[in-house]
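Notes to accompany the following structure.
Just so it is clear: chains get the letters A, B, ... in the order the sequence lines come, proteins before strands, and each one is counted from 1.
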2 protein chains.
Amino acid sequence: MLTKKTKYAIKALIALAGSEENKPMLIAEVAKQENLPKRFLESILLDLKRAKILNSKMGIGGGYFLMQNPAEIKVLEIIRILDGPIALYPCVSLNFYQKCEECKDELTCSIRRMMQKVRDASIDIMGNTSIEDLVNQPNIILDKKNSP
Amino acid sequence: MLTKKTKYAIKALIALAGSEENKPMLIAEVAKQENLPKRFLESILLDLKRAKILNSKMGIGGGYFLMQNPAEIKVLEIIRILDGPIALYPCVSLNFYQKCEECKDELTCSIRRMMQKVRDASIDIMGNTSIEDLVNQPNIILDKKNSP
DNA sequence: TTAAAGTCTATTAATTTAGTAGACAATTAT
DNA sequence: ATAATTGTCTACTAAATTAATAGACTTTAA
């Protein structure tokens with residue numbers, strides 16, 4: 001499971017990507033538009049700023065705006081900034097590797113290799129999905145069911 | 001990220017699958033063989049018993065043993081028993097669905113649809129990997145690198 | 001120079017995780 | 001029978017993480 005931080009971040013980026021001419025948006029505007037707790041959103045936007053995804057301006061007419069093209073901002077990257085590892089176990093993580101204490105031999109661990117497959121599949125999907133993709137998705141869904 | 005419970009469960013199942021003629025193994029044996037905290041493992045094995053993956057016998061010659069063929073026990077199922085949802089958000093979960101409070105329209109949520117893809121890819125991999133697969137994996141890995 | 005905005009530091013309540021402890025119940029050997 | 005063996009049940013807890021909130025501070029523009 002991912003944290004709410006990541007979800008809020010993606011929602012905020014979608015909102016910011018929708019700002020005409022990338023005009024700065026107030027934290028409060030973003031919070032209201034996406035129905036997010038304002039004070040919590042503040043720290044999330046700060047994280048995204050530190051990661052050079054966003055930039056901001058203080059004072060009148062200020063606010064947050066994208067520093068990168070929405071097509072370049074990948075969901076994968078956002079998760080890594082707010083949540084950390086993509087992998088389901090730290091020993092399988094590319095960016096946040098940590099050894100398992102109980103593991104006797106990482107190289108022959110069959111669990112690890114299975115988890116690598118899952119990781120790679122996730123990276124493939126999320127690394128190829130940008131904020132632009134999320135904005136541009138056709139808003140029509142024909143069936144209510146979850147696809148299997 | 002998954003919890004250690006799931007990882008310990010899979011390791012325990014691998015150990016039990018290795019028992020000749022499915023002979024009962026003591027909790028202590030499994031714990032020692034897989035390097036797991038014994039007392040914690042107890043509750044994990046109980047969960048697996050309640051889920052009909054394992055069965056047990058008390059007294060001398062007792063212990064835990066598989067109730068299903070290792071080829072039928074899928075990693076997917078084990079995760080759902082010990083960890084719960086496979087999906088990265090509750091609103092995308094097939095078995096543990098929960099609504100997002102902040103979400104305005106689930107049907108047109110583009111984040112949700114992306115997360116469904118990740119979920120389905122994960123289910124595809126883990127639902128087709130059994131304990132037998134993990135046991136039978138060739139123990140040779142040629143390169144130390146994580147595959148990209 | 002003042003109002004508007006973001007920024008920084010702290011704190012916190014709730015939840016989850018990863019265990020531990022001890023009494024109890026069932027089974028088998030003697 | 002009964003003692004030894006082995007799993008089961010209930011409760012507790014320490015540490016970490018999550019999801020925030022509060023308040024003082026800084027920067028910018030009118």
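- The nearest whole Å value for the distance from the CD atom in E42(A) to the P atom in dT21(D) is 10 Å.
- The separation between M67(B) atom CE and dG7(D) atom C1' is 16 Å, rounded to whole Å.
- Protein atom CG of L82(B) is 13 Å distant from nucleotide atom C1' of dA18(C), rounded to whole Å.
- Shown here is K32(B), whose NZ atom has no more than 12 heavy atoms of other residues, nucleotides or ligands within 6.0 Å.
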Candidate pair K99(B) and E106(B), rule salt bridge (Lys or Arg N to Asp or Glu O under 4.0 Å), full reasoning: CA-CA 8 Å; K99(B) 198 179 172 310; E106(B) 202 170 77; 5.8 Å; no

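- The NZ atom of K4(A) sits 6 Å away from the P atom of dA19(D) (whole-angstrom rounding).
- Considering only residues two or more places apart in sequence or on other chains, D124(A) meets the side-chain contact (heavy atoms from CB on, under 4.5 Å) condition with N128(A).
- Along DNA chain D, the nucleotide nearest to A28(B) and the one nearest to S43(A) differ in position, and the one closer to the 5' end is contacted by A28(B).
- Rounded to an integer number of Å, the gap from L41(B) CG to dG19(C) P is 11 Å.
- Annotation for M114(B) and I125(A): closest pair O-CG2, 4.4 Å, computed over non-hydrogen atoms.
- Put simply, CD on E101(A) is 13 Å from C1' on dT17(C), counting in whole angstrom units.
- As rounded to whole Å, 15 Å separates atom P of dA26(C) from atom CG of N55(B).
- Side-chain contact of S130(B) with K74(B): a donor-acceptor pair under 3.5 Å is absent, judged by distance alone.
- The side chain of F40(A) lies closest to dT21(D) when the candidates are dG7(D), dT21(D), dT7(C).
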side-chain contact (heavy atoms from CB on, under 4.5 Å) between R119(A) and S93(A), intermediate numbers included: CA-CA 8 Å; R119(A) 177 201 68 194; S93(A) 174; over 6 Å; no

Salt bridge (Lys or Arg N to Asp or Glu O under 4.0 Å) between R50(A) and D47(A), worked out: CA-CA 5 Å; R50(A) 294 202 186 97; D47(A) 285 340; 3.4 Å; yes

Sugar-phosphate or base contact per nucleotide [nucleotides 24-30 of chain D; S, B, -; heavy atom under 4.0 Å]: --BBBS-

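- The cationic atom of K23(A) (NZ for Lys, CZ for Arg) does not lie both less than 6.0 Å from the six-membered ring centre of F65(A) and within 45° of the ring axis.
- Within 4.0 Å (heavy atoms only), M1(A) reaches no atom of the nucleic acid at all.
- Only at 4.0 angstrom or more do the heavy atoms of residues 45-53 of chain B sit from any atom of DNA chain C, so none qualifies.
- Put simply, Y8(B) has a side-chain N or O that comes within less than 4.0 Å of OP1 or OP2 on dG19(C).
- Look at NZ on K38(A): it is 10 Å from P on dA5(C), rounded to the nearest Å.
- Counting non-hydrogen atoms of neighbouring residues, nucleotides and ligands closer than 6.0 angstrom, the CD atom of Q98(A) reaches no more than 12 such neighbours.
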